[in-house]
Trainee: 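Have a look at the structure that comes next, please.
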Amino acid sequence: MGHMQLKEIAATTYERADVNKGYTDQSLHINLDKADIGITPIDTAIKEKFIGGKGYDLWYMWNAVKGTTKWDDPENAVCISAGPLGGTPGYPGGGKSIVTAISPLTGAPIDSNVGGYFGPYKKFSGFDVITLTGKADQDTVILIDGIESNIKIFTASDLPDNSYEMSDALTRYFDAEKPVNVSVVTAGPGAENTYFGCLNFSWYDAGRKRVRYKQAGRGGIGTVFADKKIKAVVARFGAISMKTNNPADLEALKTVTKTHAKEIHELDPKQNRMALVGTTHLVPIMNDHDCLPTHNFKFGSHPGAAVIGEDVYEHIFDKGFDGCWRGCAVACSHGVKDFSPFTGPFKGTKVFVDGPEYETVAGCGSNLGIFDAHTILEINFYCDAYGLDTISVGTSIGFVMECFENKLITTDHTDGMDLSFGNRYNTLELIHQMARGEGFGAIVGKGIRQMKQIFAEKFNADAAFMQDIGMESKGLEFSEYITKESLAQQGGYGLALKGPQHDEAWLIFLDMVHNFMPTFENKAEALHWFPMFRTWFGLCGLCKLPWNDIVPEDNKQTEEPAKVKKHIQWYADFFSAITGKKTTPDDLIAMSEAVYNFQRVFNLKMGYGTREHDTLPYRAMGPVTAEEYESRQERYDKQLIEKYGMNISDMDTDTKVAALRKEREAQYEQLKGAVYERRGWTQNGIPTKETVKRLGIDFPEVLEVLEKNGVK
Amino acid sequence: MIQVDDKPVTWHQGMTIADLLEQMEGVGFCSVVRLNGKLVSSPRFHETPIPDGSIIRLLPLVAGG
């Protein structure tokens, strides 16, 4: 590796738009084909309808792509927006970016919500949203410099090839004196060589004097970024205060910010202690409730989980302030310093690991039968440095391991590697191979949907069995919760627009543990309300954790504790204070519903978005194998007898598995119908004309897509 | 005596977490508690004894990731 070289190939200066009530009303477009830089105003009608964040991303992407666009076509657009509330220092979770693209895994729009300072810096530099289209012919770095008011495009050579070093090098290159002014978005070699590449969004941790990062993980947006030959996008901006968003009512903003932050400071230590343990408290809780993915989602608990949860990580995490946004009281972005990997290019060196979070522990730990906190750290480190989504990595390798243990694939296919559950060394070797695009790792890096096809066609593996155990839906790998005993969460995954990620709805405990939604109609109502409210965070540039992971002490006495209505009122006040629009909690739902339905129609435009695509592998619904059934036989036998009225005395296990499957698949289909009806969709899962009209998204091009799909 | 969410509660020999919750009102939401700093989930409430002098926190509804 020589000395990093950046050669400027295009540049423009611009008059930085002042932020007014959370918006700059300007968009930045960079076309890599021609190194073209364009700045255009955002239409008021679009602002009213799409709000910002994911709404803006989807609108600009909709206009960039055709229905036939594939992920690696030049017109595919990577869009990044922070939303009108994003960039409010001190408001808990107030600094998120939302990133979208057409996904290499799903072929449809994917969105990812990520911390780090890039989104706010980009907005304060003058742009509510940026779109990146085209493809460069050389490695490229883009700089958005809000201090100097210029935008530059560079060709790049001799950059570090991993995100860990590249983020640091570019941060210091663009502002050595004040690295805190810089945030860098990078991918990595794993993004170049797999379909589930992530993006790392950085911030400079002034306390530790090092660059940290969080990941826009899902759906391979990093892969699209790398395919465009973008090595990095850099935003640079200076001092930030509550006034930087130029809120309509500064005093009201100060009041609601202080109120929410104070509550978290007081109650987090009494509740989930996220400022100490991040989300690792979920490991023992999920394990005890049989919801922790173990051995490719076969089981929900394991005795080894005791050594990969908060009890261990609390003592490993480096102490210090760990907010991924300035002043965030949740401060859950923990890391481990002086970690020494035992494999790979960083073997024997000391590195800082950003993480792990619950999803990584579950996906790359228990789901692989790896009950070792340090191996999980090493997997976490390399996935980030290579630019790989830890969720897709963990869920994909879990699938591979179960295929291996069932002899669907053998060492003849895996380059001689034993990929039985629990094999730590070969798991890491597989990840190194993925990053290099070599060996069996290159196949695994294509994701479960493609692996199923390759294993069946080339290795003669049992396609039906792989369909049952391959934990993907819509092409996206599942995030890390067992849903077998929660029909509502099966819907939360199966009906999620982008695929099985839990950020739309997380209903397991409301449904499975508390039985707060016993009927199909109750579940359908939850699968309407929760996705709509959760979508709102993505429109505004916020994190959802402060909403319902730390709750008021009197929340349990409220009418609907799961909604944490006091906080929803605070969010409405927050929106009012910044934008100057008097806003009620119901208004937040209305904002989301329009964007949510637009995304569903966008799926339809891309050839998806109908009932047949809202399917699940059977493992998400119930026991696929006799081994699974017998491991929880008392539970399943009881259901067959009491819930379904069967006489099971003469049934063997395989017959019981089949009987239970028939019932559970039928109830999932019934749930889909109830949810579609509640959402104002046809029974084929398409928004009706009345629905899009009611929501004000009845644009001619939307109606055209509906009509093409038989909705008159 | 034990402390539950900063309030004193009378303790008795053999008291489990399930026993404690049964005598309290408005705890239907509770599926996880912290018993002297350690998480205990509802499947273990019946089998988990509370030592005298314990400090217990009732965690809010589990909200996932």
Side-chain angles (χ1 to χ4, degrees), chain A residues 267 269-273 277 279-291 301 309-311 314 357-359 362 391 479-481 489 492 501-503 505-510 512-516 530 534 544-545 547-558 560-564, chain B:
Chain A
L267 297 184
K270 299 178 181 179
Q271 296 180 7
N272 293 326
R273 304 191 310 144
V277 301
T279 52
T280 61
H281 66 285
L282 288 170
V283 177
I285 295 173
M286 292 305 132
N287 188 62
D288 285 347
H289 286 94
D290 210 21
C291 292
S301 64
E310 65 161 35
D311 285 349
E314 180 176 358
E357 299 182 35
Y358 165 78
E359 298 290 333
I391 295 176
S479 68
E480 308 301 338
Y481 299 96
Q489 189 56 33
Q501 172 72 1
H502 54 279
D503 61 346
W506 198 91
L507 304 171
I508 296 175
F509 273 49
L510 291 177
M512 183 187 91
V513 178
H514 300 292
N515 198 25
F516 284 171
F530 283 94
R534 282 171 169 249
K544 87 93 203 170
L545 294 180
W547 162 47
N548 66 354
D549 282 272
I550 303 110
V551 303
E553 286 186 302
D554 60 358
N555 186 60
K556 54 185 177 284
Q557 280 126 26
T558 62
E560 293 181 282
K563 293 184 177 176
V564 199
Chain B
M1 196 68 75
I2 58 176
Q3 295 282 321
V4 182
D5 285 347
D6 299 324
K7 295 185 181 112
V9 172
T10 304
W11 176 84
H12 63 79
Q13 188 70 39
M15 186 184 205
T16 66
I17 294 171
D19 295 334
L20 169 70
L21 295 178
E22 275 166 24
Q23 71 183 47
M24 296 179 73
E25 289 184 357
V27 293
F29 68 93
C30 185
S31 57
V32 185
V33 305
R34 261 188 208 285
L35 172 62
N36 298 321
K38 297 285 182 193
L39 291 168
V40 183
S41 297
S42 55
R44 303 189 189 284
F45 283 174
H46 283 280
E47 67 193 50
T48 305
I50 300 173
D52 191 15
S54 290
I55 295 172
I56 293 172
R57 297 239 170 245
L58 309 185
L59 265 60
L61 269 172
V62 177

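Just so it is clear: chains get the letters A, B, ... in the order the sequence lines come, proteins before strands, and each one is counted from 1.
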Trainee: Are D311(A) and K38(B) packed together at the side-chain level, in the sense that at least one heavy-atom pair is separated by less than 4.5 angstrom?
Mentor: yes
Trainee: Between V32(B) and chain A, with a heavy-atom cut-off of 4.5 Å, which part of the residue counts as in contact: side chain, backbone, both or neither?
Mentor: side chain
Trainee: What is the minimum heavy-atom distance between P284(A) and S41(B), and which atoms define it?
Mentor: O-OG, 4.3 Å
Trainee: In terms of heavy-atom proximity below 4.5 Å to chain B, should N272(A) be classed as side chain, backbone, both, or neither?
Mentor: both
Trainee: Less than 4.0 Å between a side-chain N and a carboxylate O, is that true for E310(A) and R34(B)?
Mentor: yes
Trainee: Does some side-chain heavy atom of H514(A) sit less than 4.5 Å from a side-chain heavy atom of L61(B)?
Mentor: yes
Trainee: Return the minimal non-hydrogen interatomic distance between W506(A) and V62(B), and the atom names on each side.
Mentor: CZ3-O, 3.5 Å
Trainee: Looking at Q23(B), I want to see if its CD is surrounded by more than 12 non-hydrogen atoms of other residues, nucleotides or ligands under 6.0 Å.
Mentor: yes
Trainee: Within residues 12-22 of chain B, which residues come under 4.5 Å of chain A, heavy atom to heavy atom?
Mentor: none
Trainee: Is Q271(A) in contact with chain B via its backbone, its side chain, both, or neither, using a 4.5 Å heavy-atom distance?
Mentor: both
Trainee: Give me the atom names and distance for the closest heavy-atom approach of A63(B) to K544(A).
Mentor: O-NZ, 3.6 Å
Trainee: For the residue pair S31(B) and H289(A), confirm or rule out a side-chain donor-acceptor distance under 3.5 Å.
Mentor: no
Trainee: Report which part of I285(A) has an atom under 4.5 Å of a heavy atom belonging to chain B: side chain, backbone, both, or neither.
Mentor: both
Trainee: Evaluate the side-chain proximity of V513(A) to S42(B): yes if any heavy-atom separation is below 4.5 Å, no if none is.
Mentor: yes
Trainee: Charged N to carboxylate O under 4.0 angstrom, D6(B) versus K270(A)?
Mentor: yes
Trainee: With a 4.5 angstrom heavy-atom cut-off, could you sort out which part of L267(A) is near chain B: side chain, backbone, both or neither?
Mentor: neither
Trainee: If every non-hydrogen atom of D288(A) is compared with every non-hydrogen atom of P43(B), which pair is closest and at what distance?
Mentor: O-CG, 3.1 Å
